[in-house]
2 protein chains.
Amino acid sequence: MRESCRFSMAVHAMTVLAHRAREGHDGPMTSAEMADSINTNPVIVRRLLAALAQAGLVDTRPGNGGGAWLARDASRITLDQVHRAVEPPGGLIAMHDDTNGDCPVGSTIGDVLSDAIGRAEAALHAALEKITLAEIVQATMKHCPAAAAKARRAK
Amino acid sequence: MRESCRFSMAVHAMTVLAHRAREGHDGPMTSAEMADSINTNPVIVRRLLAALAQAGLVDTRPGNGGGAWLARDASRITLDQVHRAVEPPGGLIAMHDDTNGDCPVGSTIGDVLSDAIGRAEAALHAALEKITLAEIVQATMKHCPAAAAKARRAK
DNA sequence: TCATCGGTATCTATATTGGTTACAGTCGGC
DNA sequence: GCCGACTGTAACCAATATAGATACCGATGA
């Protein structure tokens, strides 16, 4: 459990939602159904959905017949949006603090390194921004003939 | 302590080494001196140095008068090399596994996502590759007039 | 010979993660 | 109006990884 898996689980959940939308199912999907595909606990999924809903990427409805669905078309959702929604801010590369202020390097390395790290992380976010959820959905169907056939039938 | 600070501490340590080289000090620097600037334990520094030495970025010598020094000029060391040396492999963005193989999405999302994440991380590494240790040293001296003056005197 | 180093093993405190259970609130069907 | 099905949270747990600390061994040079 080195790092957080929230991002990958969130993309998984949203991909399942997109698959359902593609198949014509208009009704919401329950956290239990998504948890079954991700193979985790429904509470984990609900925690992710809460973050995704706050970011405006999904909508949810409580009560009988409730669940979650994509707030907009999968082609208008990027992986970067998902990442920012579910991962805590502050960056992927951590920095040490409490450096020695009496040392020329220790007193300045913080600013210098955070600038360099910021540029590197910006590159990663830019790359994630270029990938849409729709492309992920397309790729999963390419990898799985059964799902592709299912999608064709629904059309 | 969310993620590892090894990368930032390693860059800090190597920047200190580069500063010393720039000032004309040819002798090795002890882990205790570097630890003083980073404000950590000498053992932490030695662990980083061991990884950096294995990657061929620094050289070390045990015994009296021993210590560490840069294996080559700071302009020929990139932040990406440092990152790969001290951070465990496997990537910055983790993935969940044990997905439900009976689900069209669960059975394929692993391959699809690891491809997408791989592209994003490659972008980050490419950005780190463009930044040399020499640029970091230059920036620290820009931020700290005292160090810059010291470097001029040594010339 | 001996103090000074790196290298490494071992232990601890701590933070975060995914997971689990439990429960309040909401919704729709009967 | 009642009841079961859902979300939304809070509270807790076990596992894990981290930085840090202590201790010891071997190497080195004065």
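- Rounded to an integer number of Å, the gap from A/M29 CE to D/dA5 P is 18 Å.
- Atom-to-atom, CD1 of B/I44 to C1' of C/dT14 comes out at 14 Å; the value is rounded to the nearest Å.
- Checking the phosphate oxygens (OP1, OP2) of C/dG6, a side-chain nitrogen or oxygen of B/S31 falls inside 4.0 Å.
- Although no hydrogens or angles enter the test, the distance criterion places a donor-acceptor pair under 3.5 Å between the side chain of A/T140 and the main chain of A/V137.
- The phosphate of C/dT17 has neither OP1 nor OP2 within less than 4.0 Å of any side-chain N or O from A/S4.
- Checking side-chain atoms of B/E3 against main-chain N and O of A/A94 turns up a donor-acceptor pair under 3.5 Å.
- The interatomic distance linking B/Q54 (CD) with C/dT8 (P) rounds to 8 Å, in whole Å.
- Across the protein-nucleic acid pair, A/L52 atom CG and D/dG8 atom C1' stand 14 Å apart, rounded to whole Å.
- Between the C1' atom of C/dT17 and the CD atom of B/E3 lies a distance of 13 Å, rounded to the nearest Å.
- The listed nucleotides are C/dG25, D/dA21, C/dT20; the one nearest the side chain of A/V43 is C/dT20.
- Taking side-chain N and O atoms only, B/R46 has a distance below 4.0 Å to OP1 or OP2 of C/dG6.
- The side chain of A/N41 approaches C/dG19 more closely than any other nucleotide in the set C/dC27, D/dA21, C/dG19.
- Between A/H12 and B/H96, the ring planes are tilted. Angles from 30° to 60° get that label.
- Judged by closest nucleotide on DNA chain C, B/N64 is the one of B/A50 and B/N64 placed further toward the 5' end.
- Distances shorter than 4.0 Å separate some side-chain N or O of B/R6 from OP1 or OP2 on D/dT18.
- Residue B/T30 places none of its side-chain N or O atoms closer than 4.0 Å to OP1 or OP2 of C/dT4.
- In this structure, the CZ atom of B/R47 is 10 Å from the P atom of C/dA9, given to the nearest Å.
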With side-chain contact (heavy atoms from CB on, under 4.5 Å) as the criterion, how do A/R72 and A/L57 come out once you've worked through the C-alpha distance, each side chain's angles and the decisive distance to 0.1 Å? CA-CA 7 Å; A/R72 56 177 179 268; A/L57 300 177; 3.5 Å; yes
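- At the phosphate of D/dT7, neither OP1 nor OP2 sits under 4.0 Å from any side-chain N or O atom of A/R61.
- Nearest-nucleotide positions on DNA chain D for B/G63 and B/E87 put B/E87 closer to the 5' end.
- What separates CE of B/M34 from C1' of C/dC5 is a distance of 11 Å, to the nearest Å.
- Per the geometry, CG belonging to A/D59 stands 18 Å off P belonging to C/dT26, to the nearest Å.
- For B/E23 (side chain) and B/R20 (main-chain N/O), no donor-acceptor pair under 3.5 Å exists by modelled atom type.
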